[in-house]
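These notes are about the structure you will find just below.
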Amino acid sequence: MLDLRSLRQNPQAAKALLKIKGYDFDTLRFEELETQRKSLQSLTEELRNERNVKSKSIGKAKAAGEDIAPLVAEVGDLGERLDAVESKFHRLQEEYQAFAQSVPNLPDASVPAGSDEADNVEVDRWGALPEFNFEPKDHVDLGAGGMLDFEAATKITGSRFVVMHGAVARLHRALIQFMLDTHTSKHDYEEVYVPYIVNADSLYGTGQLPKFAEDQFRIDSDADFYLAPTAEVPVTNIYRDEILEAGRLPIKHVCHTPCFRSEAGSYGRDTRGMIRQHQFEKVELVQLVEPGRSWDALEELTDHAREILRALELPFRTVVLCGGDLGFSAAKTYDLEVWLPGQNQYREISSCSNFLDFQARRMQARYRSPETGKPELLHTLNGSALAVGRTLVAIMENYQDGDGRVHVPDVLKPYMAGLDVLDLG
RNA sequence: GGAGGGGUGGCUGAGUGGCCGAAAGCACUGGUCUUGAAAACCAGCGAGGGGCGACCCUCCGAGAGUUCGAAUCUCUCCCCCUCCGCCA
């Protein structure tokens, strides 16, 4: 959520920035809501003040042994008037809240203009593209011998799931271990284990609700529970409604979780293979930092994600998302895109974002500022490092040898119990 | 699942209808003292919102109700603890 106070001061500036994101901010509607809020709020507070003052005087009269009947009569229909104004005010507040919550975060000034991913701007490239003396297969063909079984998954559940067997399942697990170990030992993140089922407040805090309810898997139970779409939700919400001491910052967590996405509205896209699944594993980096530090933190966090790709020797590039491709809560996002020989293109494997205080305001994640002694909103960031399923795909496609085998990257060998070549059968 | 006990400021904890946004202690901040520190003493110290301001409003797990007036009484829900049952 944006800061309403600064929004009030300059709605036109916000409108101009939001246009970069392809969002039409209705300043007239906002100003109308604001005007109504102002008058209803002051009227409500005036009446409440009157009631408080008079009630207090009744108390005093009673304590002094005086007759309170005339005072009680004087309060008269005050309660009814207050109720009427209050309910009007509450209705307006709900409307106002819904409006304010639906406004996306402002993009940073460095975010390029553009409408979709075609307008994203490449900022760097790493690694030479592999050259094959054969026609490289994609991961679906490579796994067709039985290691990747999409039909079995369809039977068990439905489309967009996978069953992995043997060495491929092990390589998938090795990737998780390697990523967690790298971030904890080299990049100074604390590992956390969290619930995979979250409540509505948590999804609201990070911005998935109320606007993106259809993307979530909702659990049919008495409680309002959802399958976590990313570790960002449970991990960031550890600090919801907390006031942290400044000495605890920055908070840096790494967390491995499965992620569940309904993928509503992507029916025709990436239907082949493991690229877009309802369930996939991800290792996520989450940081909560002092407001002045978040831009540096975004660069660092993005490089922590790059480090995994460099260690795995997978060619990749970094793009900065244009306004139209930027997410609802993010002020700026870098995507890392790995080279997939089977598709002959770069595909997203990580997304690293700075949310500034947008999420922190929704979830009231604060720290005590040493300068003022007052609680102030933190800045939140997160990034995938990396999406495990897509990393597995990238390794299979980049490390294939043309003879139905996949070589294990050097850094993963310690995790593979001596296995350094996968025979896909 | 059954029985009982609880949820109060950063933390501990008192408060059963008005003088309570809330005692006391801890923590924290400033001061006195000290070569310095500790101790002691003095003072300050919850959060959110509105208003140019004087000030005002809201918040004692959440929501609804009773009342002129609710942290306090009633109802519903959520969460925590103890015991029993069941269980990885």
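Reminder, nothing fancy here: chain letters follow the sequence lines and each chain counts from 1.
- Checked against the 6.0 Å centroid threshold, A:Phe161 and A:His278 count as a close aromatic pair.
- Centroid-to-centroid, the aromatic rings of A:Phe358 and A:Phe328 come within less than 6.0 Å.
- Among the nucleotides B:rG50, B:rC68, B:rC19, the one closest to any side-chain atom of A:Ser55 is B:rC68.
- Rounding to whole angstrom units, CD of residue A:Gln93 and C1' of B:rG63 are separated by 16 Å.
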Audit row: A:Glu190, A:Lys252, salt bridge (Lys or Arg N to Asp or Glu O under 4.0 Å) steps and yes/no: CA-CA 6 Å; A:Glu190 190 210 20; A:Lys252 294 169 71 179; over 6 Å; no
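- Dashed line: the shortest gap from a side-chain N or O of A:Lys374 to OP1 or OP2 of B:rA47 is under 4.0 Å.
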Given Watson-Crick and G-U pairs under 3.5 Å, RNA chain B in dot-bracket ([ ] crossing, | other strand) is ((((((((.[[[..)..(.....]]].(((((.......))))).(((((....))))).[[[[[..)....]]]]])))))))....
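- Of the residues in residues 361-370 of chain A, those lying under 4.0 Å from RNA chain B by heavy-atom distance are A:Arg366, A:Arg368.
- Within residues 192-206 of chain A, no residue has any heavy atom closer than 4.0 Å to RNA chain B.
- Taking only side-chain atoms of A:Ile58, from C-beta outward, the nucleotide of B:rG50, B:rC19, B:rG18 with the closest atom is B:rG18.
- Residues passing the ring pair (Phe, Tyr, Trp, His ring centres under 6.0 Å) test with A:His187, sequence neighbours excluded: A:His183, A:His304.
- The phosphate of B:rG51 has OP1 or OP2 within less than 4.0 Å of a side-chain N or O from A:Lys38.
- Here A:Arg170 pairs with A:Arg173, A:Met416, A:Ala417 under the side chain to side chain contact (heavy atoms under 4.5 Å, CB included) rule; sequence neighbours left out.
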Per-nucleotide protein contact string for nucleotides 56-62 of chain B (B base, S sugar-phosphate only, - none; heavy atom under 4.0 Å): BSS----
Could you walk me through whether A:Tyr367 and A:His379 pass the side-chain hydrogen bond (donor to acceptor under 3.5 Å, both in side chains) test, one step at a time? CA-CA 10 Å; A:Tyr367 81 111; A:His379 280 192; over 6 Å; no
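- When the C1' atom of B:rG69 is taken as reference, atom CG of A:Leu82 falls 12 Å away, rounded to whole Å.
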